[in-house]
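Atoms within a ligand are numbered from 1 in the order they appear, just like the ligands themselves. Because the structure is a prediction, the values reported are computed rather than measured.
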Amino acid sequence: MHSPESLAARLRGIGMTSQRTRDRMADRLRQQGITDPDVLEVMAREPRHLFLDEALAHRAYEDTALPIGYGQTLSQPFIVARMTELVLQLKPERVLEIGTGSGYQTLILSRLVSQLWSVERINALHQRAAERLRLLNVYNAQLKLADGGLGWRDAAPFDVILLTACAETLDQTLLEQLADDGVLIAPLKQPSGTQWLVRVQRRGDQFDTQRLEPVRFVPLLEGVIT
Ligand code: SAH
């Protein structure tokens, strides 16, 4: 089911029908308040259905999160668009994503920033995402299987660090990998138990946290599953 052949075959099958569905998704994103034309253009162009198992592919452009196995989800289009918009506002060159998952957010970012690193802790998801991104000719993203809570020290500093799983606390190890004016964007669990998207701005040794909006993500977990 996940053999490269079947993915490649599905890739060759991208047709006009999908294009119409993607245009409708982009229209909906616009109505929901996404304004960045580059984000809308890339999401209208790139094949989100290839980031799901074939049985779920027909639901790829719905306004919903969808399962990708191992208890994980591909985020709904709106949240991918919103996070990408937030990242692009910073005009970053070097971006670290934590939680590759299906690789869809990685794909969208890779078309819009010059250099991207992405970490996933579940080997099967990491492998599958790597295969998809290779078939889609993504050359500016480096993927690794690791506990992203520790960041990617060898590639630091980053202009933006983006978490696509919800943290309970923000580790200093991660914050230290931001460039001097770098920004971390992450879902963060609040004392009340609800999740908020936060934006942490680094200025030298100072870190200013701003709450943006309530969100729902799967949890950031420790360790690697091979
Ligand atoms: N951006 C992804 C969202 C996937 S859900 C997509 O578009 O599909 C979040 C992902 O974060 C899951 O795949 C989960 O396994 C991963 N994750 C959770 N904790 C992690 C950690 N400590 N390090 C790396 N990845 C992690």
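- Within the listing of ligand 1, atoms 22 (N) sit less than 4.0 angstrom from a heavy atom of Gly149.
- If you look at Trp152 and Phe158, their ring centroids are not closer than 6.0 Å.
- Using a 4.0 angstrom heavy-atom cutoff, Ala129 does not count as in contact with ligand 1.
- Considering only non-hydrogen protein atoms, atom 14 (C) of ligand 1 sits nearest to Gln72 OE1, 3.3 Å.
- Residue, atom and distance of the protein heavy atom nearest to atom 5 (S) of ligand 1 are Thr73 O, 3.1 Å.
- No donor-acceptor pair closer than 3.5 Å links the side chain of Gln206 to the backbone N or O of Arg202.
- Regarding atom 20 (C) of ligand 1, its nearest protein heavy-atom neighbour is Arg121 CD, 3.3 Å.
- Side chains of Gln201 and Asp208: no donor on one and acceptor on the other come within 3.5 Å.
- Near Ala165, with a cut-off below 4.0 Å to any heavy atom, the atoms of ligand 1 are 11 (O), 18 (C).
- Separating the CZ atom in Arg28 from the CE atom in Met25 is a distance of 7.5 Å, to the nearest 0.5 Å.
- Using a distance-only test at 3.5 Å, with no hydrogens or angles considered, a donor-acceptor pair links the side chain of Asp159 to the main chain of Arg94.
- Gly148 N, 2.7 Å is the protein heavy atom nearest to atom 23 (N) of ligand 1.
- Every atom of ligand 1 with a heavy atom of Ala146 under 4.0 Å away is listed here by number and element: 23 (N), 24 (C).
- The proximity of Val218 to ligand 1, defined as any non-hydrogen pair under 4.0 Å, is limited to the side chain.
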### Message
Would Gln210 and Leu212 count as a side-chain contact (heavy atoms from CB on, under 4.5 Å) here? Give the steps.
### Response
CA-CA 6 Å; Gln210 185 193 357; Leu212 301 175; 4.1 Å; yes
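- From the protein, the heavy atom lying nearest to atom 22 (N) of ligand 1 is Leu221 O, 2.6 Å.
- Contact between Thr100 and ligand 1 is present, with at least one heavy atom of the residue lying under 4.0 Å from the ligand.
- With rounding to the nearest 0.5 angstrom, the CG atom of Leu125 is 11.0 Å from the CG atom of Leu74.
- Residue-ligand proximity, Leu125 to ligand 1, at heavy-atom distances under 4.0 Å covers atoms 13 (O).
- Not a single heavy atom of Gly223 sits closer than 4.0 Å to an atom of ligand 1.
- For ligand 1 and Ser102, the ligand atoms under 4.0 Å from any heavy atom of the residue are 6 (C), 7 (O), 8 (O).
- Counting only N and O atoms by type, the side chains of Asp27 and Gln31 include no donor and acceptor under 3.5 Å apart.
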Below 3.5 Å, can you tabulate the donor-acceptor pairs from side chains in residues 182-191 to any protein atom, sequence neighbours excluded?
from, atom 1, to, atom 2, distance (Å)
Gln190, OE1, Arg211, NH1, 3.3
Gln190, NE2, Leu188, O, 3.0

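- Not a single heavy atom of Glu222 lies less than 4.0 angstrom from ligand 1.
- Protein heavy atom nearest atom 9 (C) of ligand 1, with residue, atom name and distance: Thr164 O, 3.3 Å.
- Proximity to Leu74 (heavy-atom distance under 4.0 Å) selects the following atoms of ligand 1: 6 (C), 7 (O), 8 (O).
- Heavy-atom proximity to Val119, at under 4.0 Å, picks out these atoms of ligand 1: 24 (C), 25 (N).
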### Message
Before you tell me yes or no, could you show the steps for Ile34 and Arg30 under side-chain contact (heavy atoms from CB on, under 4.5 Å), namely the whole-Å CA-CA distance, both residues' side-chain angles and the distance that decides it to 0.1 Å?
### Response
CA-CA 5 Å; Ile34 302 299; Arg30 216 173 277 119; 6.0 Å; no
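- Taking atom 11 (O) of ligand 1 as the reference point, the nearest protein heavy-atom neighbour is Gly99 CA, 3.2 Å.
- For the pair Asp181 and Arg203, the salt-bridge criterion is not met [side-chain N within less than 4.0 Å of a carboxylate O].
- Of the polar atoms of Asp147, at least one N or O is found under 3.5 Å from an N or O of ligand 1, judged by distance alone.
- Tyr61 and Arg22 share a donor-acceptor pair across their side chains, judged by distance under 3.5 Å alone.
- For ligand 1, the atoms closer than 4.0 angstrom to any heavy atom of Glu97 are 1 (N).
- Side-chain contact annotation: Glu97 with Ser118, donor-acceptor N/O pair under 3.5 Å present.
- Backbone and side-chain nitrogen or oxygen atoms of Glu120 are examined, and one is located within less than 3.5 angstrom of a nitrogen or oxygen of ligand 1.
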